[in-house]
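Just so you know, ligand 1 is whichever comes first in the structure, and atom 1 is the first atom listed for that ligand. No experiment lies behind these values; they were computed from the predicted model shown.
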Amino acid sequence: MKFVDVAGVNDILPGKTRHVETKGIEIVLANVAGKIYAVSERCGHMNAPLSKGTLYENIITCPLHHATFDVRTGKMITGMVEHPLPDLDKAPKETQDEYRAIGMLAKGIRIHDLQSFPVKIQGDRVLVTIQ
Ligand code: FES
């Protein structure tokens with residue numbers, strides 16, 4: 001298993017994330033109480049960048065539709081959250097219909113687990129294998 005140097009340990013503070021890219025693969029590194037994990041950067045729903053989301057303990061929340069994933073395993077915890085538009089009922093009927101149709105399509109999109117990458121700490125460097 002070949003590991004690639006992607007960041008410094010001190011680049012990812014506890015409770016924080018960092019986007020890195022190696023060999024064309026986007027990864028989000030997450031520091032959970034001093035232990036660093038690596039999962040795919042792109043959300044398993046519609047590819048939003050998870051490093052722009054929030055990390056709470058071991059759970060990263062997508063910034064776009066708020067699906068949540070466990071950074072220790074990449075497994076999805078909860079799916080997307082629908083946010084109704086305020087005052088949608090006051091919009092023209094065509095706009096309401098279009099918004100509802102988009103909502104129905106989005107609900108039908110399957111959310112995939114994230115790929116999880118093995119991490120190794122070597123000195124003050126974070127190494128990841130992309131297999
Ligand atoms: S893109 Fe992440 S939940 Fe929709």
Any chance you could measure [X], atom [atom1], to [Y], atom [atom2], to the nearest 0.5 Å?
| X | Y | atom1 | atom2 | value |
| --- | --- | --- | --- | --- |
| Ile25 | Glu41 | CD1 | CD | 13.0 Å |
| Thr61 | Ile59 | OG1 | CD1 | 7.0 Å |
| Ile27 | Ser116 | CD1 | OG | 10.0 Å |

| field | Remaining members of hydrophobic cluster (4.5 Å side-chain criterion), Met80 | value | Val28, Val32, Tyr37, Val39, Leu50, Leu55, Ile60, Phe69, Val71, Met76, Ile111, Leu114
| task | State plainly whether the residues Lys75 and Asp70 are in salt-bridge range, i.e. N to O under 4.0 Å. | result | no
| request: Considering non-hydrogen atoms only, spot the tightest contact between Asp97 and Lys93 and give its length. | output: OD2-NZ, 2.6 Å
| task | Sort by chain and number the protein N/O/S atoms that are closer than 2.8 Å to atom 2 (Fe) of ligand 1, and list them. | result | Cys43 SG, Cys62 SG
